[in-house]
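To start, the structure under review is shown below, and the notes come after it.
As the structure lists them, so they are numbered: ligands from 1, and atoms in each ligand from 1. Here the structure is a predicted model, which means the values were calculated and not measured. When reading the values below, keep in mind they use all heavy atoms of this one structure, side chains included, and skip hydrogens, waters and symmetry mates. Quick note: residue numbers are just sequence positions, from 1.
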Amino acid sequence: MKIQFHESTKTFHLYNDTISYIMCVLENGHLGQLYCGKKIRDKDDFSYLLEKMGRPMSSYIYENDRTFSLEHIKQEYPVYGSTDYRQPAVEILQTNGSRISDFRYQAHEILHGKPILEGLPATYTESDEEAQTLRVILKDDVTDIRLELLYTIFAQGGILARSARFRNEGTKAVHLLNAMSFSLDLPDKDYIWMQLSGAWSRERYVKERPLEQGIVAVDSMRGNSSHNHNPFVVLKRPNATENQGTVMGFSLIYSGNFRAQAEVDTYDVTRITLGIHPQGFDWKLEAGESFQTPEAVMAYSENGLNGMSQTFHRLYQKRLARGYWRDRPRPILNNNWEATYFDFTEDRLVEIASKAKECGVELFVLDDGWFGGRRNDHAGLGDWVANKELLPHGISGLSRQIEALGMKFGLWFEPEMVNKDSDLYHAHPDWILQAPQRTVSHGRYQYVLDFSRREVVDCIYGMMEKILSDSRISYIKWDMNRSITECYSAALPADRQGEVFHRYILGVYDLYERLTSAFPEVLFESCASGGGRFDPGMLYYAPQAWTSDDTDAVERLKIQYGSSMCYPISSFGSHVSVVPNHQVYRHTPLHTRANVAYFGTFGYELDLNKLSEEEIEEVKEQIRFMKKYREILQFGTFYRLKSPFEGNETVWMSVSEDKKTALVGWYRVLNGVNMPYTRVRLQGLDENLLYENVESGTEHYGDELMNVGLITSDVTSGEVSPQDQPCTDFESRIYILKAKECETD
Ligand code: DGJ
């Protein structure tokens, strides 16, 4: 990996074994984009890639010159208001009403490693050899705003991380109205755009469409990254598949309002931009103040979607997630939510936990309903003290009882919210986000605390810190069950109201940072009504997230498949729940529910006391299996083989680092009759190793399994199913493949 600056041509070349990213200082001082793609050899001069030309109806910067129009030049951080009419990366409102800026190159520095982004989640390095960073310093002379563009190239994989920082070095305040994290101009539009979109309980479905002239975008203006759209998009070449072809993924490390878009211009140039959504954003930058944008990450792969996803998985698992649990297999848990909802007592909880312990569960999690006056979702949020009527021994007593059973104890919080029926609201009715003289809308009967205010975050921290210190808590589920409306803070002046959405998220990050620093061994799981804030920003603080409130195994195939495009399997909260399922009322076999949940953190969302003895034996076996293989399932190299969005069967697999063990998950939604014989070609094995299919006892070489395929047919293939075969819908299998120690030629 290297960052090379060629003085004679003012060209920067950032490269590693996989990618080259080439930029230059343009004659007007802006940064031009020359090349982003597969690694190419370095040289001094790539200026022929600058397409300067005169075109009808264009506007030009220099007098008596009809070549230099920003409209036709590929750029790195385009400004608003000059000769480029496309969507800008930056727009700044000045005291005289002008929104025009002109950032010109001043200097640059090349750093080893990667600087941290203060107050924001970001990727990091553990040694200087892992990455190099280029800081390009530009200046707008009229306003004296300094702009620093940060580019980090990692040694491993086609990864480039970017962000921007503004500093007002002038004497007058300005307003940042748009400050994107990432902008990149690509020379053509021959891509399929892919996004992860959906809704509550069907998050992150894969949706695609070809790029065409115009704008395609996904966004959130809800204050959370949202169930509807994820801050992640892909551009893939039309011939790219899961395993081959050029794919670029773009991910924003942020949990609030965002926009990710591609604009194809008149000449088929594609501009990708990612950053905080400009709608409603207005950050006042006083003289001497700075503003740091969130970080965006690009992952480039020549090995198809799987190649891109594996690049993100490695980066986000090892260099975004942090702390004690980052590399540790996750505890198998039993959460009481779907078992009891609000209807529990201390005895009932201990009864559920005891059975879980008997089955081998390691962590018991008490979900919503344990605090204040909460007996339903109308009351209690904000009062983070145990309800002694329900829990006579408090959280401290209950957590000790659970530990005495030989399990760890975990607890649910929803720190950002308050019900009007709570002591907190009565004491501080002005602590919620609300606009003067306007309706205050609710979601789930709850209101959003103004986390842009330090004293509010301090108060919540105080309550949480007390419980964590007094009790034996090993895990926290941090929920967030509504989006923001009437985003207005009583603590900020009129000209800073456009900062509230972002300040809110900074407050959330601050609380996470304080809690994770004070309680470094507590495992945090983020959640927002399931996957409403399933984003890389959260991953920095909480290495796992409740993937979706939909716990049905068939529904989860699509949700987990889509999520795997960007996020590591170790981050998927995934549980076995009851049948009929509480979201779709479907009956799926117990083994299928587990076979889907294994590809995640794994746990149970039910009262095991209600299962039959036969089912309990099956659960015990599932837990034994998960304990044996969770390292590979959660941290192995993950491959998608067959998509639930394309057919009746889904197949995916995880391979151990030494390639000696592979676990293949095969799932069929509906059974058929007289079906074709099926096989699936595996990925990621060692072609020279002989693998035993543990279940069947058959042996196959790696090259055979990857080229001929693994036979997945069952009794329904080629004939009508025999009467005595319980071949059902929603069938699934896990194939365990283990390398025999003999290597062959
Ligand atoms: C939404 C979460 O996604 C559920 O798992 C559960 O914790 C409920 N909130 C509790 O209110």
Side-chain angles (χ1 to χ4, degrees), residues 198-204 222-228 230 255 330 333-344 349 352 363-384 386-387 390 395 409-419 421-422 442-449 464 473 475-483 523-535 538 542 544-552 555-556 559-560 563 571-578 581-584 593 597 600-607:
W200 172 80
S201 269
R202 51 179 170 83
E203 299 92 335
R204 293 174 298 286
R222 309 176 67 97
N224 53 313
S225 50
S226 90
H227 302 86
N228 313 48
N230 198 259
S255 312
R330 304 300 156 71
L333 65 82
N334 187 180
N335 178 305
N336 76 308
W337 180 241
E338 287 197 12
T340 65
Y341 296 103
F342 291 111
D343 185 18
F344 59 81
L349 295 173
I352 296 173
L363 167 71
F364 176 74
V365 178
L366 171 54
D367 209 279
D368 193 354
W370 56 268
F371 48 88
R374 192 146 173 102
R375 293 312 303 131
N376 53 46
D377 53 16
H378 288 260
L381 288 174
D383 297 341
W384 301 109
N387 178 334
L390 289 176
I395 291 298
F409 177 75
L411 194 60
W412 180 97
F413 285 92
E414 192 173 0
E416 300 148 70
M417 300 293 158
V418 68
N419 287 117
D421 187 357
S422 68
H442 72 91
R444 205 193 187 196
Y445 318 106
Q446 63 196 49
Y447 298 84
V448 185
L449 285 170
M464 294 179 75
I473 296 175
Y475 160 107
I476 285 182
K477 178 175 173 187
W478 178 322
D479 208 344
M480 195 268 188
N481 285 303
R482 65 158 291 190
S483 296
L523 171 61
F524 281 74
E525 177 156 340
S526 74
C527 172
S529 283
R533 214 160 53 182
F534 196 97
D535 60 58
M538 285 290 117
Q544 59 190 61
W546 184 225
T547 316
S548 175
D549 272 348
D550 197 335
T551 56
D552 174 72
E555 296 294 301
R556 276 296 185 115
I559 296 167
Q560 292 178 203
S563 304
S571 68
F572 298 0
S574 51
H575 303 165
V576 172
S577 60
V578 292
N581 171 268
H582 288 190
Q583 292 77 40
V584 294
R593 283 174 268 157
T601 58
F602 199 70
Y604 292 83
E605 187 92 8
L606 47 77
D607 180 353

Between Arg556 and Trp546, is NZ or CZ placed under 6.0 angstrom from the six-membered ring centre and within 45° of the ring axis?
yes
Cys527 heavy atoms within 4.0 Å reach ligand 1 at atoms 2 (C), 3 (O)
Hey, which of Ser526, Ser571, Ser548, Ser225 is the one that makes side chain to side chain contact (heavy atoms under 4.5 Å, CB included) with Phe534?
Ser571
By number and element, which atoms of ligand 1 are closer than 4.0 Å to a non-hydrogen atom of Gly530?
3 (O)
Give a yes/no verdict on whether any heavy atom in Arg444 is under 4.0 Å from an atom of ligand 1.
yes
Below 30° counts as parallel, above 60° as perpendicular, anything between as tilted: where do the rings of Phe371 and Trp412 land?
parallel
Atom indices of ligand 1 within 4.0 angstrom of Trp546 heavy atoms, with elements
3 (O), 5 (O)
Within a distance under 4.0 Å of any heavy atom of Asp368, pick out the atoms of ligand 1 and give their elements.
10 (C), 11 (O)
Please determine whether a side-chain nitrogen of the Lys or Arg among Asp550 and Arg202 lies less than 4.0 Å from a carboxylate oxygen of the Asp or Glu.
no
Nearest to atom 4 (C) of ligand 1 by heavy atom, Asp550, Asn336, Asp549, Thr547: which?
Asp549
Counting non-hydrogen protein atoms only, what is the nearest one to atom 7 (O) of ligand 1? Give residue, atom name and distance.
Asp367 OD1, 2.6 Å
Can you tell me which residue and heavy atom of the protein come closest to atom 9 (N) of ligand 1, and the distance to 0.1 Å?
Asp479 OD2, 2.7 Å
Against heavy atoms of Ser529, which atoms of ligand 1 measure under 4.0 Å?
1 (C), 3 (O)
If you define the side chain from C-beta out and look only at heavy atoms, does anything of Asp377 sit under 4.5 Å from Phe342?
yes
Answer yes or no on whether Arg374 is positioned over the face of Phe344, meaning its NZ or CZ is under 6.0 Å from the six-membered ring centre and within 45° of the axis.
no
Show the nearest heavy-atom pair for residues Gly600 and Ser574, with the distance to one decimal.
CA-OG, 3.3 Å
Below 4.0 angstrom from a heavy atom of Lys477, which ligand 1 atoms are there? Numbered from 1 as shown, please.
4 (C), 5 (O), 6 (C), 7 (O)
Could you please spell out the steps behind the side chain to side chain donor-acceptor pair (under 3.5 Å) verdict for Ser255 and Asp535?
CA-CA 6 Å; Ser255 312; Asp535 60 58; 2.8 Å; yes
Is Asp377 touching ligand 1 with its side chain, its backbone, both, or neither, if touching means heavy atoms under 4.0 Å apart?
neither
